[in-house]
Amino acid sequence: MLEIRNLHVSYGGIAALHGISLEVPAGSIVTLIGGNGAGKSSTLRAISGIAKVSSGSIVFEGRDITNKPAHEIVALGIAQAPEGRMVFSNLTVLENLHMGAHLRRDRNAISSDLERIFTLFPRLKERLPQAAGTLSGGEQQMLAIARALMSKPKCLLLDEPSLGIAPILVQTIFSRIVEINRELGYTILLVEQNANLALRIASHGYVLETGRVVLNDTAENLRSNPTVRSAYLGEGASDTA
Amino acid sequence: MDWGNLTQQLINGLSLGAIYALIALGYTMVYGVLRFINFAHGDVFMIGAFAGLYVHRWLKPFFHGMPEFVSACVVLLLSMCVCAALGILIEKLAYKPLRQRSRLTALITAIGVSLLLSYGAQLLFGAAPKGFPQLIKNETHDLPGAVSITTEQIVVLVATLLLLVSLRFIVQKTRMGLAMRALSNNPTAASLMGVNTDAVISFTFGLGSALAAAAGIFFAMLYQAIDPFMGILPGIKAFVAAVLGGIGNIAGAALGGLLIGLMETLVVGYSKNIGIPPGFRDAVAFVILILILMFKPAGLLGKSEREKV
Ligand SMILES: Nc1ncnc2c1ncn2[C@@H]1O[C@H](COP(=O)(O)OP(=O)(O)OP(=O)(O)O)[C@@H](O)[C@H]1O
Ligand SMILES: [Mg+2]
């Protein structure tokens, strides 16, 4: 569904991505893991059209979307819940959700989709008239995901949904992500530093280091890979023996 | 205390304040979406007044037999359209190519556009003040207590109120208004929602410029003369009004405009009592600006700065 070939991105002459390639098959959850500054967010930003691609290509459903304006990429069916959530803090929760549906004209379907979102994240329903900036971090993350879903994307990009959130809420959010994939049928590209969680729900994973893909395998194989275990799963080398 | 005189001053002050409020809205909305002060905005206000003059002159044959109220509305709406188009054009030609550059570049460009508009208008229309036609027969209505209000003041106050209510509807209830607020809150997130940033910015310039045109016509109605440099002082005062209300805050701009108009009028009206010569009326806004910057830089309704890069 989504294919990235030899992608290069740089900021003011400094390269952040040195030619990464990856593939997200329709219906799957693929995860991109790696440490700080590895280039995970840059990859998602390039896909969404908010970081400039210097070379390489991004192909979505057979169509080249490299360096297309961000709003056209949303229209084609790629939505992102960005790193740090980026909810519209001055807008109400309901207005945030309506912003997610900005490009849609089907009013009736929008209200039934809102209901579906509320069964997924009942907490949001209780907070509809509240300014989004007053939500807790976990609630804001739920809102960011829900808002992205409101555009009815074919492919959902999630950038570190566990970042800075209480462990109990992280569990909830990850089980919702699984539900969004398995039951609602969305294709998901999940960026995480929490490799443990991500590899448990993904079918395939890519490991990024300083702008390069250093490993690429099924999630199951990555979970048992000694390098991954010691570097990303927080286990000492002795555990892998 | 002479309550009659005070009421009279309040009526005069609100009429002037309504005009500042309409101009201030354009500054604040553009600041909201671009974090940029469009210093050419006062000149759009001036062009609005000239548009009113010429639309009225050219359409006069068609106005024959039409109720004054209808022809005045036609003049107002057409002039608002002219300025909306002008505002959109200015943004496209002058500001958009510089959007990635520093804010200083944009600011200097805005000053250039401002000079271009006022000297361009001087070239086209001449430097001498021109009389503005009476769009609506002006009568003075006596109110109790030696207070009076003119038809023009009533028109300005009612029309401003209608414009503010319409603006509130657009900003709060429409898809475009929501996108404007979202863009102002977080531009990156707005792009990720599929907002066409360029379209929203154009819309904002159009909307603000249309309001400035209305202000230009109201100003011309009250003062009956217009000239190519008439936009400078009201433009600056409206900018102060926007800062007073909290730049970027729409309700704040309206409130700030009314307050500046009121204070200016009161200083003139009570100059003897408070010992400030009436000639200092134009200094009022600047004194207020200095006081806000010293004591409440975020403005009356503004939140403390949450600047987005
Ligand atoms: N706007 C920017 N300007 C300059 N450099 C940037 C910018 N954004 C990212 N970088 C640089 O690009 C590299 C990759 O950053 P990126 O945000 O993609 O990493 P990441 O894998 O998402 O990291 P994290 O897990 O900390 O979010 C880093 O070296 C970072 O400093
Ligand atoms: Mg990141």
Side-chain angles (χ1 to χ4, degrees), chain A residues 12 41 44-52 68-92 94-105 107 110 131-134 140 143-153 156-159, chain B residues 28-29 31-33 35 92 96-97 99-102 168-204 245-253 298-299 301-309:
Chain A
S41 300
L44 294 196
R45 292 168 63 86
I47 298 172
S48 283
I50 51 176
K52 201 177 173 311
K68 270 197 188 305
H71 63 271
E72 288 181 23
I73 290 172
V74 179
L76 288 172
I78 301 182
Q80 181 176 165
E83 182 173 52
R85 310 180 282 260
M86 290 198 190
V87 297
F88 299 111
S89 53
N90 296 343
L91 271 52
T92 66
L94 184 61
E95 286 172 335
N96 269 271
L97 292 170
H98 278 297
M99 277 312 295
H102 179 73
L103 290 176
R104 292 173 60 184
R105 303 289 176 153
R107 279 176 172 253
I110 289 177
T134 63
Q140 288 190 13
L143 178 58
I145 297 173
R147 184 179 66 170
L149 283 176
M150 282 306 290
S151 71
K152 273 211 147 155
L156 185 61
L157 313 177
L158 302 176
D159 198 342
Chain B
T28 229
M29 289 191 296
Y31 182 86
V33 295
R35 297 291 185 269
K92 280 263 174 310
K96 193 177 167 199
R99 213 176 283 160
Q100 307 306 324
R101 305 286 188 81
S102 78
R168 186 173 170 78
F169 176 80
I170 292 174
V171 171
Q172 293 297 327
K173 301 287 177 213
T174 68
R175 178 173 170 274
M176 199 46 136
L178 183 59
M180 256 174 79
R181 286 185 290 139
L183 178 60
S184 158
N185 194 178
N186 189 328
T188 307
S191 296
L192 288 175
M193 299 302 110
V195 171
N196 182 343
T197 311
D198 289 343
V200 177
I201 290 172
S202 278
F203 178 81
T204 308
I247 189 89
N249 184 306
I250 292 181
L301 303 185
K303 297 188 185 136
S304 51
E305 189 55 0
R306 37 173 180 102
E307 183 122 332
K308 294 275 164 7
V309 184

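Scope of the values below: all heavy atoms of this structure, side chains included, with no hydrogens, waters or symmetry mates. Each chain gets a letter, A, B and so on, in the order the sequences are listed, and its residues count up from 1.
Listed here is the closest heavy atom pair of A189(B) and M86(A): CB-O, 3.4 Å. When all heavy atoms of M193(B) and G100(A) are compared, the closest pair comes out as SD-CA, 3.8 Å. Listed here is the closest heavy atom pair of S191(B) and V74(A): O-CG2, 3.9 Å. The two atoms that bring L192(B) and I50(A) nearest to each other are CD2-CD1, 3.8 Å, heavy atoms only.
For the atom pair CD (E72(A)) and CG (N196(B)), the distance works out to 8.5 Å, reported to the nearest 0.5 Å. Atom CZ of R181(B) is separated from atom CG of L91(A) by 5.0 Å, given to the nearest 0.5 angstrom.
Judged by distance alone, the side chain of N186(B) and the main-chain N or O of F88(A) form no donor-acceptor pair under 3.5 Å. N185(B) contributes a side-chain N or O that, together with a main-chain N or O of S89(A), makes up a donor-acceptor pair within less than 3.5 Å. The backbone N or O of H102(A) lies less than 3.5 Å from a partner atom in the side chain of R175(B), making a donor-acceptor pair.
More than 12 heavy atoms of other residues, nucleotides or ligands lie within 6.0 Å of CZ in R99(B), so this atom counts as buried by the packing criterion.
Proximity of H71(A) to V195(B): side-chain heavy atoms (C-beta onward) are nowhere separated by under 4.5 Å. Annotation: side chain of M99(A) is in contact with side chain of L178(B) (closest heavy-atom distance under 4.5 Å).
Ranked by non-hydrogen atom pairs under 4.5 Å with chain B, the options M150(A), Q80(A), H98(A), E95(A) are led by E95(A).
Contacts of Q140(A) classified as side chain to side chain donor-acceptor pair (under 3.5 Å), with partners at least two apart in sequence or in another chain: none.
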